[in-house]
Amino acid sequence: MRLRILFLGPARDLTAQSAVSMEVPQGTIAASLRPLVIAKFPAIKAALSTMRLAVNQSFVSEDHVLHPNDEVALIPPVSGG
Amino acid sequence: MMAKAHWIELIDGALPLEKLPHFVCGDAALGGIASFYGATRGENDAEHGELTRLDYEAYSEMALNQMRGLVGTAEAKWGAGRVAMLHRLGPVGVGEISVAIAVATPHRAEAFEACRWLIDSLKRDVPIWKKDVFADGFTRWVNPGRHSERSEESC
């Protein structure tokens, strides 16, 4: 299935991309997406463990099951305010 | 007529601060009003000189969702009947306001508590990022872990 992955703020600088489309196995969960992202974007490896995942604009837990066409955002530690 | 109770917005450019008191005041049931403004604090880096500004960006759609959720919690927990929560995007010069929160509740204790909780929660759970921009052109993302003094003591 196909996902839309967003690299936001500091994450975008690491991958040099703001958004990509990625093909992943059906039933992929948030936790198992992480190594797939690292495989495609090795530069994000060190920072990825500090990032939270949001699916369709809401934070999700690591066991959240992803669905086709989900918008998955990598959320580096936020620094608003 | 019932006034609109929540004002949640991300704004490119100066925040309309003069409108906040008018927005949160005027409800006869809400006697305590507290507000918080966060401004860019000056900084001098040994290598890169003066901090000239912060550049803010957001995952806007999610940031607004998160802000609405926080305001909903403040309403349920502290009776915050009117809340304004505004955050600036783009360049914010030293001394300028980047975030403004105003809360009206029945009494003052809840107003202070809700206001404090809203800014703390915004800094933890709303997807907004800022970048330091120095006089020599050097830029770096503000890492809330590395710059704990900035993220905890100021906005």
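In what follows, every chain begins at residue 1, and chains take the letters A, B, ... in the order their sequences are listed. The figures here come from the full heavy-atom set of this structure, side chains too, leaving out hydrogens, waters and symmetry mates.
Side-chain heavy atoms closer than 4.5 Å link hydrophobic residues (I, L, V, M, F, W, Y) into clusters, and following such links, even through other members, never connects B:Leu30 to B:Trp7. Tracing side-chain contacts under 4.5 Å through hydrophobic residues (I, L, V, M, F, W, Y), one reaches B:Leu17 starting from B:Leu86; they form part of the same cluster. When hydrophobic clusters are built by joining Ile, Leu, Val, Met, Phe, Trp and Tyr residues whose side-chain heavy atoms come closer than 4.5 Å, directly or via intermediates, B:Met62 is not grouped with A:Leu74. Grouping the Ile, Leu, Val, Met, Phe, Trp and Tyr side chains by contacts below 4.5 angstrom, directly or via other members, places A:Leu36 with A:Ile38. Taken together through direct or relayed side-chain contacts under 4.5 Å among Ile, Leu, Val, Met, Phe, Trp and Tyr, A:Leu66 and A:Ile5 form part of one hydrophobic cluster.
A donor-acceptor distance shorter than 3.5 angstrom exists from the side chain of B:Trp129 to the backbone of A:Pro76, with no hydrogens or angles considered. With hydrogens and angles ignored, the 3.5 Å screen pairs no side-chain donor or acceptor of A:Ser79 with any backbone N or O of B:Asn143.
Using non-hydrogen atoms only and a strict 4.5 Å limit, the part of residues 7-27 of chain A facing chain B consists of A:Leu8, A:Gly9, A:Pro10, A:Arg12, A:Asp13. Contact residues of residues 39-65 of chain A toward chain B are A:Arg52, A:Ala54, A:Gln57, A:Ser58, A:Phe59 (heavy-atom distance under 4.5 Å).
Considering all non-hydrogen atoms of both residues, A:Val78 and B:Asp125 come closest at CG2-N, 4.2 Å. In terms of heavy-atom proximity, A:Ala73 sits nearest to B:Tyr59 at CB-CE2, 3.5 Å. Minimum heavy-atom separation, A:Gly80 to B:Leu122: C-CD2, 4.1 Å. The heavy-atom pair separating B:Pro144 from A:Pro77 by the smallest distance is CG-CB, 3.6 Å.
For B:Arg108, the CZ atom is loosely surrounded, since the number of other residues' heavy atoms within 6.0 Å does not exceed 12.
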